[in-house]
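Step one of this worksheet: look at the structure below.
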There are 2 protein chains.
Amino acid sequence: MPSKILDEHSAAHVAELFRAFSDTSRVQIMSVLLGGEKNVSVLADLVGISQSAVSHHMRGLRQMKLVVARREGKEVYYSLVDPHIITLFQQGIRHVQEE
Amino acid sequence: MPSKILDEHSAAHVAELFRAFSDTSRVQIMSVLLGGEKNVSVLADLVGISQSAVSHHMRGLRQMKLVVARREGKEVYYSLVDPHIITLFQQGIRHVQEE
DNA sequence: TTAACACATGAAGATATATTCATATGTTTT
DNA sequence: AAAACATATGAATATATCTTCATGTGTTAA
């Protein structure tokens with residue numbers, strides 16, 4: 001029975017986490033990454049947005065440690081690492097599909 | 001291995017769901033509702049925002065069926081009903097607290 | 001029915017966010 | 001070193017979002 005309110009600081013962090021998945025393009029990016037690591041231009045192609053837009057999104061996801069980047073030559077591969085984050089995201093997908 | 005991209009329509013719905021929890025005030029409201037149903041003015045007091053702001057937030061949460069409203073006299077009590085939503089939200093809290 | 005209270009709602013202003021464009025950085029090949 | 005390619009970044013614009021203010025709606029009590 002955690003009947004207590006979350007303090008503003010913690011609440012802001014929770015909000016920040018959910019905000020990471022609150023954009024259609026980022027959700028599509030995440031959905032692709034569920035299938036394994038992808039580089040930026042592949043993501044841009046699959047999602048249908050510019051390379052620049054993808055890079056901007058990945059910066060945010062990276063800073064929140066929701067993805068990790070791995071450089072291989074000229075390309076940068078992004079992937080999901082945190083199993084809790086993967087679960088959280090998949091639960092979101094399941095919820096909207098249960099209707 | 002769902003290596004496939006979410007279509008834009010589904011992705012927009014997932015994004016919409018996460019967006020519901022992407023605001024500090026709404027996260028605080030949700031955290032309070034974890035402890036049981038509360039009416040609007042109590043929520044406003046606890047969260048520290050205006051009655052109007054709470055009503056606006058509750059409208060969004062209501063429309064997404066993340067909360068249900070119950071009128072009792074002059075007051076309207078809101079509560080969480082969907083156990084999957086509760087779990088999803090609690091997972092978000094747990095994630096930020098594991099640091 | 002009028003007053004008082006609780007909540008909802010529309011409009012407006014302020015702030016945040018996503019995308020694009022131009023350009024910078026980093027890497028490989030010639 | 002120069003060219004070509006992949007990615008990152010800053011600035012600018014367009015759009016979305018949150019909050020407040022004023023007022024509307026619904027309910028109870030006088």
Side-chain angles (χ1 to χ4, degrees), chain A residues 5-6 8-9 11-33 37-79, chain B residues 5-6 8-9 11-33 37-79:
Chain A
I5 191 172
L6 263 191
E8 192 172 340
H9 183 255
H13 273 66
V14 174
E16 190 186 18
L17 170 63
F18 284 117
R19 195 179 304 120
F21 303 144
S22 73
D23 173 83
T24 302
S25 296
R26 279 195 300 275
V27 167
Q28 290 190 287
I29 289 171
M30 290 288 297
S31 78
V32 169
L33 293 183
E37 67 172 10
K38 301 284 182 297
N39 66 29
V40 173
S41 31
V42 165
L43 289 172
D45 275 0
L46 291 174
V47 176
I49 61 179
S50 71
Q51 170 267 312
S52 175
V54 172
S55 276
H56 280 296
H57 285 303
M58 300 324 282
R59 168 147 85 138
L61 295 173
R62 220 169 49 220
Q63 287 175 343
M64 295 189 61
K65 302 187 196 291
L66 303 179
V67 300
V68 291
R70 176 179 74 81
R71 175 145 230 152
E72 183 173 328
K74 282 178 279 193
E75 291 155 17
V76 173
Y77 287 86
Y78 284 97
S79 56
Chain B
I5 191 173
L6 264 191
E8 191 172 342
H9 183 256
H13 273 65
V14 174
E16 191 186 15
L17 169 62
F18 284 118
R19 194 179 306 119
F21 304 144
S22 73
D23 173 82
T24 302
S25 297
R26 279 195 300 277
V27 168
Q28 289 189 288
I29 288 171
M30 292 287 298
S31 77
V32 169
L33 293 183
E37 67 173 10
K38 301 284 181 298
N39 67 29
V40 174
S41 30
V42 165
L43 288 173
D45 276 359
L46 291 174
V47 176
I49 61 180
S50 71
Q51 171 267 312
S52 174
V54 171
S55 276
H56 280 296
H57 286 303
M58 299 326 281
R59 169 146 87 136
L61 294 173
R62 218 170 49 219
Q63 287 176 342
M64 297 190 61
K65 301 185 198 292
L66 302 180
V67 299
V68 292
R70 176 179 75 83
R71 173 146 231 152
E72 185 174 327
K74 283 177 280 194
E75 291 155 18
V76 174
Y77 288 85
Y78 284 98
S79 56

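Below, chain A is the first sequence line, B the second, and so on; all start at residue 1. Scope of the values below: all heavy atoms of this structure, side chains included, with no hydrogens, waters or symmetry mates. Given the structure is predicted, the values throughout are model-derived calculations rather than measurements.
- Residue A:Asp23 contributes atom CG, which lies 10 Å from atom P of D:dT17 at whole-angstrom precision.
- Heavy atoms only, all atoms of each residue included: A:Leu17 and A:Met64 are closest at CA-CE, 3.6 Å.
- With rounding to whole Å, B:Glu75 atom CD is found 5 Å from C:dC7 atom P.
- If you find the closest nucleotide of DNA chain C to B:Ala69 and to A:Glu72, the one lying nearer the 5' end belongs to B:Ala69.
- Applying the side-chain contact (heavy atoms from CB on, under 4.5 Å) criterion to A:Arg71, with sequence neighbours excluded, gives A:Val76.
- The side-chain heavy atoms of A:Met58 and A:Leu61, taken from C-beta on, include a pair separated by under 4.5 Å.
- Considering only the side chain of A:Ser41, D:dT7 comes nearest among D:dC5, D:dG26, D:dT7.
- Atoms CD (A:Glu8) and C1' (D:dT19) sit 14 Å apart, rounded to a whole Å.
- Residue A:Ser25 is the one, among A:Gly73 and A:Ser25, whose nearest nucleotide of DNA chain C lies closer to the 5' end (criterion: closest heavy atom).
- The two residues A:Arg19 and A:Arg26 make their nearest non-hydrogen contact at O-NH2, 3.1 Å.
- Considering only side-chain N and O atoms, B:Arg19 lies under 4.0 angstrom from the phosphate OP1 or OP2 of D:dT17.
- Between A:Val14 and B:Phe21, the closest side-chain pair of non-hydrogen atoms is not below 4.5 Å.
- Residues from residues 49-63 of chain B that place a heavy atom under 4.0 Å from any atom of DNA chain C, listed by number: B:Gln51, B:Ser52, B:Ser55, B:His56, B:Arg59, B:Arg62.
- Heavy atoms of B:Tyr77 sit nowhere under 4.0 angstrom from any nucleic acid atom.
- One can place CD1 of A:Ile29 at 14 Å from C1' of D:dT7, the figure rounded to the nearest angstrom.
- Protein atom CG of B:Asn39 is 10 Å distant from nucleotide atom P of C:dA8, rounded to whole Å.
- For B:Gln28 and B:Thr24, the side-chain atoms include no donor-acceptor pair closer than 3.5 Å.
- Listed pair B:Tyr78 / C:dA8 meets the phosphate criterion, a side-chain N or O lying under 4.0 Å from OP1 or OP2.
- Remark: P of C:dC7 and CZ of B:Arg70 are 12 Å apart, rounded to the nearest angstrom.
- Between A:Arg26 and C:dA18, a side-chain N or O to OP1/OP2 separation shorter than 4.0 Å is present.
- In this structure, B:Ser22 contributes its side chain and A:Ala15 its backbone to no donor-acceptor pair below 3.5 Å.
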